[in-house]
Amino acid sequence: MTCMKTRFSLLLREASRQPLVCWRNGILLLEVDRVLRPGGYFVYSSPEAYARDSFNRKIWRKMSDLTRRMCWQVASKKNQTVIWAKPLTNGCYMRREPGTLPPMCEHDDDADAAWNVPMKACLTPYSKRVNKVKGSELLPWPQRLTAPPPRLEELGISSNIFSEDNEVWHSRVAQYWKHMQSEIQKDSFRNVMDMSANLGGFAASLRKRDVWVMNVVPSAESGKLKVIYDRGLMGTIHNWCESFSTYPRTYDLLHAWLLFSEIEKQGCSLEDLLIEMDRILRPHGYAIIRDKVAVINYIKKLLPALRWDDWTLEVKPKAAAPAMAELRHATAAATRASSSPSKRDAEAASASSPLVASPRVGGGKDGLRSHQRWSLPLPVRSLLALEDPRSPAASTSYRILVAAIACVALAALFSAPSVWSRFNAPYLCRKEGIRLHCPRVSERNSLWENPHAAATSWKPCAERRSDEMSDLVPENETAGFIFIHAEGGLNQQRIAICNAVAIAKIMNATLILPVLKQDQIWKDQTKFEDIFDVDHFINYLKDDVRIVRDIPDWFTEKDELFTSIKRTVKNIPKYASAQFYIDNVLPRIKEKKIMSIKPFVDRLGYDNVPMEINRLRCRVNYHALKFLPHIEEMADKLATRMRNRTGNLNPYMALHLRFEKGMVGLSFCDFAGTREDKAMMATYRQQQWPRRYKNGSHLWPLALEKRKEGRCPLEPGEIGIILRAMGYTKETQIYVASGQVYGGSTRMAPLRNMFPNLVSKEDLASKEEMEPFKKHVTSLAALDFLVCLKSDVFVMTHGGNFAKLIIGYRRYMGRHRLKSIKPDKGLMSKFFGDPYMPWATFVEDVMITHQTRTGLPEPTFPHYDLWENPLTPCMCRA
């Protein structure tokens, strides 16, 4: 990799144990030396500074030797912390022995250049002025903020221009705040960015306000960053033709001065810059854009697409100035060629008066292009027989035009196959970051189905083909027997069974029918044969894996498989690769002949196993594992009754509502309730999870953070609001798959008020019909699984294996036709956190956000496992 220069410098730097990726020739420390000013300090806190073992001492000796050759002095050393001081002059550098490494940088090396510039393993000497005065000559704070920095002269900027810049920006900032105070609340700004900072005058004028300012200096003027830092301000270098790294911070206010004009000169897109600014700004953030009137007018036409509010004010300071616009929900930026703001404003004013229409919408008083006569060019007229091609004026151009047409024809001929393949491409969405981009379709959005193109592009293909030869090894050549306990609830057990078949295939081992282990929460003693069709399971996989019902008779010490550590393979990492099993587990199975593997929850990876193994897991999940006939029959009855509840055949929605007491407690999120409710939940959490609970003081900010990030289960009322915003009416038939909802009927009341037709399996079936299924909790879970699977729309409210398997099953068997909605839980945080957001705006946000959250076709890896999205390994083009 190439190690690039950092784009900022500081008086003091702190480091912990940095990875040694860029350590060659001490390049990391040399980069730190470059960004430190004369006499600056470097704080290093790391075990190497005090560790006594030989390895760490060796690292510490090398580092100490390097800093000595860099002329750094140890200012302080205590425990694990060391503070070095950089020299004030070039004296130490000059006294080094010839050939000492690292060498001094070449005289033509620009130490201030940092935009996409590789690091260099050399020491940067001081300029003659710095060496002479023995330091930076900076005044103490806050005098240094307004005093002309000594390094101004290196940029050819006079002290008068610097002072004028301060005065102009002080006046402007006061003007900004005066005109914005009616729109903003007091102290509502904290994070501010000056997108084209010039000399930092804007930020300096904000010193008395409780804000911090990120000063962005254009990459073409990177030398000005030294002035920003000499004034004691924060800053960085950037080219606004590219995206700005803001994660995870967003800004409350953005300021742009003639940035759009400069970006346009560089040939970059103003629209792209606006979109980037929209990304950077927080909701209800502000932007101040100060630019030419023509540019402002053009920007205002783009604001409705971004849903920004705006108000515009024309400002006329000492010279004729550009228009100033303050845009709500917006961002802004500006770069400058001149250091004087009044001079730049005058130049902009001469280019376009505030009263002149934008050239982007044409000339003329009304902004329309004036009509003018025109004729076809001579070569075109010659080609159309309107002009004699032998005429001197047309002959050369005629030949050029014919050659150009021939080139275009050849290019079209060669590109035809790729164009055809593009038009014939299957419907497939692509994820970029958190956004999903899907092909456009002409059909209208449906509440109950995904687009027709999504349903006809892919088909299931995990089944073994009829002409496919079995690759099962003979019984006498098997590596041995493996035995697993499928732990947890029904769906976790299902995944464990699929993984057990997969590792048996990987190791050419015989699989003993898995045991469904009793779970502490489920407290169920269901056996494999109580839920699944064993004969179908074994027969369907007979050409893939050898499966036996029980432990072989010749093995007399059966209890050892359950208790003895000698017969157990432990410490298998989560999501282990296929190679891990071959290298670490297979030898023990060959030695012992029969081995138990536990724990076995998520002990096989997805993108680190062969594709045919993932296809086999799909074969097990979607084809081999069938519920017993009486479970299937009862689920069919429940689904039929759901569709006929009104006497007519209607679609129904299945809602997996995860709001049981255990889930609410485990989430450590805060939910609406009385003080008594919250006190009882706190006691419950302290009893169940004492290590996480501690004294409870840290939980409130943690709960707020989780809710903002969308990591909390949706309450019944919240999912009701989202469904209504999507367009589902109160007549919608909803099947609820859920345990005992925390808070009971009181908590369910808001959802039931919005959707009165809420039913569960107990409402659809009589007590006599449900009685056989109450013997096993997993049988009841199987009914919920199948009714949700058969629904027209499935909606989840929180993660988990149940929802994951349902969504994946519906994608596979329904060919992506069936909608499986994953609500954006962060939307509710945004909605409730903004009391001024109108219902129409929230509905629009919900509709746009959930267009692509319905189980559409997209690649499996790296964003999914195959249980939720089996497309890549298990589906083919239809």
Side-chain angles (χ1 to χ4, degrees), residues 8 145 169-170 172-198 200-217 228 231-236 238 240 243-257 259-260 273-291 296 299-300 302-303 306-313 315 324-335 701 704-705 707-710 826-827 829-837 841 845:
F8 52 85
L145 182 64
W169 282 115
H170 180 78
R172 284 181 179 169
V173 168
Q175 190 179 53
Y176 289 163
W177 249 249
K178 176 182 177 182
H179 290 291
M180 294 175 70
Q181 62 184 354
S182 62
E183 296 291 332
I184 61 175
Q185 298 176 354
K186 185 180 180 182
D187 298 329
S188 61
F189 291 161
R190 175 61 180 166
N191 306 333
V192 179
M193 178 191 291
D194 188 0
M195 300 176 73
S196 184
N198 195 33
F202 174 80
S205 301
L206 293 172
R207 180 175 68 88
K208 294 183 179 180
R209 303 190 182 273
D210 189 20
V211 299
W212 74 270
V213 183
M214 171 57 72
N215 295 276
V216 182
V217 175
I228 299 289
R231 300 183 73 169
L233 300 171
M234 293 291 295
T236 187
H238 186 62
W240 283 108
S243 59
F244 187 84
S245 177
T246 59
Y247 182 85
R249 182 176 300 283
T250 56
Y251 288 84
D252 305 311
L253 172 65
L254 300 176
H255 175 253
W257 174 51
L259 177 63
F260 284 83
L273 179 56
L274 272 176
I275 293 171
E276 175 65 4
M277 291 156 56
D278 182 77
R279 182 187 69 81
I280 295 174
L281 263 187
R282 66 162 172 80
H284 291 279
Y286 289 78
I288 301 174
I289 300 178
R290 192 180 189 98
D291 217 305
I296 292 294
I299 291 173
K300 289 178 66 176
L302 302 176
L303 301 188
L306 297 173
R307 300 202 301 278
W308 288 2
D309 307 323
D310 75 277
W311 66 97
T312 306
L313 176 70
V315 183
M324 183 273 286
E326 299 163 349
L327 307 174
R328 192 179 183 197
H329 294 296
T331 59
T335 56
L704 285 178
E705 180 182 352
R707 183 163 285 274
K708 288 179 180 178
E709 294 173 356
L827 265 183
S829 171
K830 177 181 176 182
F831 182 54
F832 288 129
D834 183 0
Y836 303 106
M837 179 184 287
T841 301
D845 283 351

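The basis for the numbers below is simple: all heavy atoms, side chains too, and nothing from hydrogens, waters or symmetry mates. Keep in mind it's a predicted model, so treat the numbers as computed, not measured. In this chain, residues are counted from 1 in sequence order.
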Would you compute the distance between atom [atom1] of [X] and atom [atom2] of [Y] and round it to the nearest 0.5 angstrom?
X	Y	atom1	atom2	result
Met214	Asp194	CE	CG	11.5 Å
Leu254	Glu276	CG	CD	10.0 Å
Leu306	Asp278	CG	CG	5.0 Å
Asn198	Ile228	CG	CD1	7.5 Å

Under 3.5 Å, side chain of Asp291 to main-chain N/O of Phe260, donor-acceptor pair present? yes

Do [X] and [Y] have side chains that get closer than 4.5 Å, going by heavy atoms?
X	Y	result
Val192	His255	no
Asn191	Thr250	no
Leu274	Ile299	yes
Leu206	Tyr176	no

Going by an N to O cut-off under 4.0 Å, is there a salt bridge joining Lys708 and Glu705?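 The answer is no: the pair does not qualify as a salt bridge.
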
Positive for side-chain hydrogen bond (donor to acceptor under 3.5 Å, both in side chains) with Asp252, one of His284, Arg282, Arg190: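 Per the side-chain hydrogen bond (donor to acceptor under 3.5 Å, both in side chains) rule, the option paired with Asp252 is Arg282, out of His284, Arg282, Arg190.
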
Ring-plane angle category for Phe244 and Trp240, please: parallel below 30°, perpendicular beyond 60°, tilted otherwise. parallel

Could you tell me how the ring of Trp169 sits relative to the ring of Phe202: parallel (under 30°), tilted (30 to 60°) or perpendicular (over 60°)? perpendicular

Looking only at non-hydrogen atoms, find the nearest pair between Gly200 and Leu233 and report the distance.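 Residues Gly200 and Leu233, closest heavy atoms: O-CD1, 3.8 Å.
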
Heavy-atom nearest pair, Ser243 first then His238, reads O-CE1, 2.9 Å

